[in-house]
There are 2 protein chains.
Amino acid sequence: MTSRPAPARRFLDLAVAQMGPVHLADSRPSVVARLVAMLREAHGRGARFVVFPELALTTFFPRYWMPEAEAQERFFERSLPGPQTQPLFDEARRLGVGFYLGYAELTAEGRGFNSAVIVGQDGAIRGHYRKIHLPGHADHKPEAPFQHLEKKFFEVGDLGFRAFDTDGVRMGMCLCNDRRWPETYRVMALQGAEVVVLGYNTPSVNIHWDEPAHLRTTTHLISLQANAYQNGIWVAAAAKCGTEDGHHMIGSSVIVAPSGEIVARTTSEEDEVICVRADLSLGEHFREHVFNFAKHRRPEHYRLIVERTGAGNPLP
Amino acid sequence: MTSRPAPARRFLDLAVAQMGPVHLADSRPSVVARLVAMLREAHGRGARFVVFPELALTTFFPRYWMPEAEAQERFFERSLPGPQTQPLFDEARRLGVGFYLGYAELTAEGRGFNSAVIVGQDGAIRGHYRKIHLPGHADHKPEAPFQHLEKKFFEVGDLGFRAFDTDGVRMGMCLCNDRRWPETYRVMALQGAEVVVLGYNTPSVNIHWDEPAHLRTTTHLISLQANAYQNGIWVAAAAKCGTEDGHHMIGSSVIVAPSGEIVARTTSEEDEVICVRADLSLGEHFREHVFNFAKHRRPEHYRLIVERTGAGNPLP
């Protein structure tokens, strides 16, 4: 082994707070109370940052066909924090614990986004993200067992994939389907992200083709593992899972090390907190050697990634 | 489930021919005889395409410090096929079996590349690739247990990542370390590649830092699995492995389905053939739905991938 000084070790006490189902009948205050309870549990176990799911405040409403106006009235946040979510922000500041939260965002102009924020240990918003890789469809599919209407209720995010400095850590974020696209992680790693956090709602049934059910979890995990490794970053992913009003979603919330190894994983499909002491310097080994981007990347050969959207013919 | 016609099924009978060690003292004809024997075995088991390793004709010579001229004389091919490799091409044509082969290429101008070819069932070369992501170093590291001198002996490939049509299949290829870079697969998938083939020589010891030994196999596998899935392609990877003159390399040659699942894997560190009947239409499910690039990709948010080489500051 080449003798060289090891990078100084820095740690992030990181938790994932998976959520069990949020039913249509569940009130917003009852959901926020669950989030606050998990924030406290994570803090009690030493965490300084907690990752909550995508659309954490409501049921996964894109499964229901309804007019936009109705969805916006019932499921979207006009401000964050707002009157009903303020207790979560207050508790974060009181405990000195940052968090990531996914929610449906309604702008003053009436635009809808599937969004997330990173909140610092002082309770202030440090980063804002609007989901870019919207899955599903915009039309009504009455023959399907349920809908996946993200392309109806949300616009494509317009804030890009960005890294944010929060409490001494450079953190990126994304949402659900973004985690299956390697571009997501790479763009944030190219901004020096050390940790990428995300929430997801992943139905156990693929409405588009007869995908074997076990693949829903397999593909979730390998996507997180390979992209953590290939960028030398920690990845923490929080599910909303279990059966929401008869609709089952996968669990398997995980924290993945820059080695690509799953180092913490939920065992239930209910509210459940998992924690690790994440060694941020571990990623530096990968980023200094096999994934020393400056030394090894060859962007002149990657141009098709931005020059084409869909697949085309072989290069001449 | 939405009722829709399944894509017509197309199959590729695909084999990986892993190689045990090639020692410094092994002659080129003895190595070619091993390749021919595995080509025949694969053919006898129904294969129509066989994937051989990187630098299949020689030991992994970048582990040794020596002058370029000496390396070129001993280990590089001035033509392919050449007098010593012609028997492999002849046997491929006789059997009607295509193959991928990695070799050290010396051009007429004296330039060295770590290269590979795809050869059709008629024994003619259909595609040519020169390795882009060269790992290791160019300087002598006498304190290391061995060298990794790919940056000394080879120039960065100048042919790009391309897909080639061969015997009715659109195939891409890469070499070893390329398999850890998601850009590799994406650029070929954007050209409609259905299968990506590659060979590798991966030392069991990382000379750059004290990487836990088991990670060498873990990271190899998750890279192949996630990139197969994220592009909806088959990936076939052939190791040269076992102990070459005291230097151990990992095995675990695999064939990975577009689901990200390992569907065939070697169990030895010797010459070993594995085969699958690869259903090419399986990838179409992924490419039509979750990875429908035309519908879901957002290149306007990927620009950093080509605008930066190394990592920099967060976007403003």
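The chains referred to below are lettered A, B, ... by the order of the sequence lines, with proteins before strands, and numbering in each begins at 1.
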With respect to chain B, which residue among [options] yields the maximal number of heavy-atom pairs within a distance under 4.5 Å?
options                        : value
A/E300, A/Q225, A/E261, A/M188 : A/E261
A/G172, A/P135, A/A226         : A/A226
A/F146, A/F293, A/Y185, A/Y302 : A/Y302

Need one label for [X]: side chain, backbone, both or neither, based on atoms under 4.5 Å from any heavy atom in chain B.
X      : answer
A/H220 : neither
A/R287 : neither
A/F291 : both
A/Y229 : side chain
A/P316 : backbone
A/L221 : neither

In terms of heavy-atom proximity below 4.5 Å to chain A, should [X] be classed as side chain, backbone, both, or neither?
X      : value
B/L215 : side chain
B/N231 : neither
B/H137 : neither

Quick check: do [X] and [Y] have side-chain heavy atoms less than 4.5 Å from each other?
X      : Y      : value
A/D210 : B/H285 : no
A/I305 : B/R297 : yes
B/N313 : A/R170 : yes
A/V290 : B/T219 : no
B/H301 : A/R162 : no
B/Q191 : A/R308 : yes

### Query
Does the ring pair (Phe, Tyr, Trp, His ring centres under 6.0 Å) test come out yes or no for B/W209 and A/F286, once each step is laid out?
CA-CA 9 Å; B/W209 66 286; A/F286 293 96; 5.2 Å; yes

### Message
Is it true that B/K151 and A/H296 share a donor-acceptor pair across their side chains at a distance under 3.5 Å?
### Response
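Short answer, yes.
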
To the nearest 0.5 Å, what is the distance between [atom1] on [X] and [atom2] on [Y]?
X      : Y      : atom1 : atom2 : value
B/I207 : A/H289 : CD1   : NE2   : 10.0 Å
B/R179 : A/Q230 : CZ    : CD    : 11.0 Å
A/E211 : B/L282 : CD    : CG    : 9.5 Å

### Query
Which pair of heavy atoms, one from B/A311 and one from A/G192, lies closest together, and at what distance?
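Looking at all heavy atoms of both residues, the closest pair is CB-N, 4.2 Å.
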
### Closest contact, heavy atoms only, A/P314 versus B/A163
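Closest approach of A/P314 to B/A163, heavy atoms only: CB-O, 3.2 Å.
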
### Message
Tell me whether A/R298 contacts the main-chain N or O of B/G157 through its side chain, where contact means a donor paired with an acceptor under 3.5 Å.
### Response
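Pair absent, no side-chain N/O of A/R298 close to backbone of B/G157.
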
### Task
State plainly whether the residues B/E183 and A/R186 are in salt-bridge range, i.e. N to O under 4.0 Å.
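Answer for the salt bridge query: yes.
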
So which of [options] has the largest heavy-atom pair count under 4.5 angstrom toward chain A?
options                        : value
B/L224, B/N177, B/L190         : B/L190
B/G136, B/A189, B/A294, B/P212 : B/A294
B/I222, B/N292, B/T309, B/L304 : B/T309

#### Entry: Full working for side-chain contact (heavy atoms from CB on, under 4.5 Å) between A/V187 and B/R303
CA-CA 8 Å; A/V187 169; B/R303 297 208 54 82; over 6 Å; no

